[in-house]
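Heads up: the structure comes next, in structure tokens.
We name chains A, B, ... by the order of the sequence lines, and we start the count at 1 in each one. Side chains included, hydrogens not; waters and symmetry mates left out as well; all remaining heavy atoms used.
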Number of protein chains: 2
Amino acid sequence: MTEPSHRRGKVVDDNILRAAISVIEESGTLLIKVDRVAELAGVNKTTIYRRFPNRDDLVLAAILAQAETVVPIPDAGSLRGDLWEIVVMVRSTVMSSLGRALLSASAASPDLDQLRPTYWQTRFEAAAKVIDRAVERGECSPPADPQLLIELMVAPIHFRATQVGVDISDEFLAVQVDRLVAALR
Amino acid sequence: MTEPSHRRGKVVDDNILRAAISVIEESGTLLIKVDRVAELAGVNKTTIYRRFPNRDDLVLAAILAQAETVVPIPDAGSLRGDLWEIVVMVRSTVMSSLGRALLSASAASPDLDQLRPTYWQTRFEAAAKVIDRAVERGECSPPADPQLLIELMVAPIHFRATQVGVDISDEFLAVQVDRLVAALR
DNA sequence: GTTGCAATGCAACAACAAGTTGCGATAGAA
DNA sequence: TTCTATCGCAACTTGTTGTTGCATTGCAAC
């Protein structure tokens, strides 16, 4: 039999949050089983409930901790190159188990529902800078609403992944990039 | 006290399915409570489980029965008019409680997940006829993939409603229509 | 009208997961 | 070594899905 760990403090925190992410990934939903998280974290269920009032708060904290990773702003040198990197990132996110759980769930809690808008807002702001730089380089004229253009480029990718249920080809991604580039003339 | 109904046959079926839809609407999720359906249908929980092996099958049957309503194909006389009607229909669906439950839930069962692709496929086919008619009228030249154009028009509406969390203005709808019309030249 | 059967109601039950509680055990610092 | 906050643990409550056995009742055939 394995010994109970009885570890404490920050290590336990990190283990719990990482375990929660793992469970979301392996189950593909935000409605995870707390017992499973406790098992993966090597921690008793009570310890989790001493830190988080309920499951939704645990999930929220886990996702927020995970989202601390800085949103990368591509810099491939050209507008097309930057947009391509964005579009590929969106595809891999939307196809991933964690991404699908976060982005296609109608969450039970308002806090979790709030997560989606802020998630995209952050990324739209980052992606819009790619357009700003293209303008500075003289590749195109400044658009009225850069973030809207990004939104219109990303929407078909998300839609196809979550609704139409067709896998997303490179050609489909290229179409979205082309449409944005065309809109900038 | 109210008397137990003891009604039978098709009436009971209809009551159960309509009650299920009501509960989905009032709860905004596909994870409805069977007891609540029984209450609304004026039927014992056992009666429901005698017809449907489990909750997911009940939800599936309720949605399929509801979806029997024919998908209307607009005929406003002009391409723009038809597209506008489509786009308004999509908005009202995506904003409705039933629509949100169906289209933004990561369902528990594969059958319910299958529902989304067929839902959209049906509507894409219907909407594509609007483009066909426009071609016949000589309003535009025949596109390579009409359904793809519809998909690209609808995607931003769905995306904004379910992800960005911003309410969808008439102007936003008009932009989507304009983009499709522009793509047909 | 009477009879018989299938459909329904009903209450109790099992299984499972969220969340709680009281107490005993232990790590880590004083 | 001692003290205390943290952790493990087992047992519990609550809510929901799904099941079961039996009593009731609607309805059709006779």
Side-chain angles (χ1 to χ4, degrees), chain A residues 1-20 22-24 26-63 101 105-112, chain B residues 1-20 22-24 26-63 101 105-112:
Chain A
M1 52 174 288
T2 50
E3 293 298 309
S5 77
H6 277 279
R7 304 174 68 176
R8 322 192 158 193
K10 192 174 180 310
V11 193
V12 177
D13 277 286
D14 293 348
N15 282 351
I16 292 176
L17 293 180
R18 269 192 288 109
S22 297
V23 176
I24 294 173
E26 79 183 19
S27 68
T29 173
L30 261 28
L31 278 54
I32 56 179
K33 296 173 189 177
V34 180
D35 286 303
R36 177 74 183 135
V37 176
E39 183 186 348
L40 270 193
V43 149
N44 196 273
K45 182 176 59 167
T46 320
T47 301
I48 295 180
Y49 278 108
R50 287 204 183 97
R51 289 171 159 63
F52 308 97
N54 52 52
R55 181 183 55 185
D56 284 338
D57 279 29
L58 164 64
V59 171
L60 187 64
I63 292 178
S106 78
S109 101
D111 286 331
L112 288 177
Chain B
M1 54 176 288
T2 52
E3 294 296 311
S5 79
H6 277 280
R7 305 176 66 176
R8 323 193 157 191
K10 192 175 181 309
V11 192
V12 178
D13 277 285
D14 293 347
N15 283 351
I16 292 175
L17 293 180
R18 268 190 289 107
S22 297
V23 176
I24 294 173
E26 80 184 18
S27 69
T29 172
L30 262 28
L31 278 53
I32 56 180
K33 297 174 189 177
V34 181
D35 285 305
R36 175 75 183 134
V37 177
E39 184 186 348
L40 268 194
V43 149
N44 195 273
K45 182 176 60 167
T46 320
T47 300
I48 295 180
Y49 277 109
R50 285 206 182 94
R51 286 155 206 267
F52 308 98
N54 52 53
R55 180 184 55 187
D56 283 339
D57 279 30
L58 165 63
V59 170
L60 188 64
I63 293 178
S106 78
S109 102
D111 286 330
L112 288 177

Please find the pair of heavy atoms, one from A/N15 and one from A/A41, that lie closest to each other, and give the distance. O-CB, 3.7 Å

For C/dT8, does either OP1 or OP2 sit under 4.0 Å from a side-chain N or O belonging to B/R51? yes

A/N54 atom CG is separated from D/dT13 atom P, nearest whole Å, by 22 Å

Nearest atoms (heavy-atom pairs only) where B/K45 meets B/D35: CD-OD1, 3.3 Å

In terms of the nearest nucleotide of DNA chain C, which residue is placed more toward the 5' end: A/R50 or A/D35? A/D35

Between B/T47 and C/dG9, is there a contact of a side-chain N or O with OP1 or OP2 at under 4.0 Å? yes

Would you check if the side chain of A/N44 reaches a backbone N or O of A/T47 as a donor-acceptor pair within less than 3.5 Å? no

Where A/S27 and A/I32 come nearest, the two heavy atoms and their spacing: OG-CG2, 3.8 Å

Which part of the nucleic acid does B/I32 contact within heavy-atom distance under 4.0 Å: base, sugar-phosphate only, or nothing? sugar-phosphate

From CG of A/N15 over to P of D/dC7, roughly how many Å is that when rounded to an integer? 11 Å

Phosphate contact (D/dG18 OP1 or OP2) by B/Y49 side-chain N/O below 4.0 Å: yes

Looking only at C/dA18, D/dG8, C/dC10, the nucleotide nearest the A/V43 side chain is D/dG8

Rounded distance in Å - CZ (A/R55) to C1' (D/dT16): 13 Å

A/K45 NZ to C/dT20 P: how many Å, rounded? 10 Å

Nearest-Å distance for atom pair CG/P, residues B/L31 and C/dA18: 13 Å

Which pair of non-hydrogen atoms, one from A/V34 and one from A/Y49, has the smallest distance, and what is that distance? CG2-OH, 3.5 Å

Atom-to-atom span, NZ of A/K33 to C1' of D/dT17 - whole angstrom: 13 Å

In whole Å, what is the span from the CG atom of A/N44 to the C1' atom of D/dA11? 12 Å

Rounded to whole Å, CD1 of A/I48 lies from C1' of D/dC7 at a distance of 12 Å

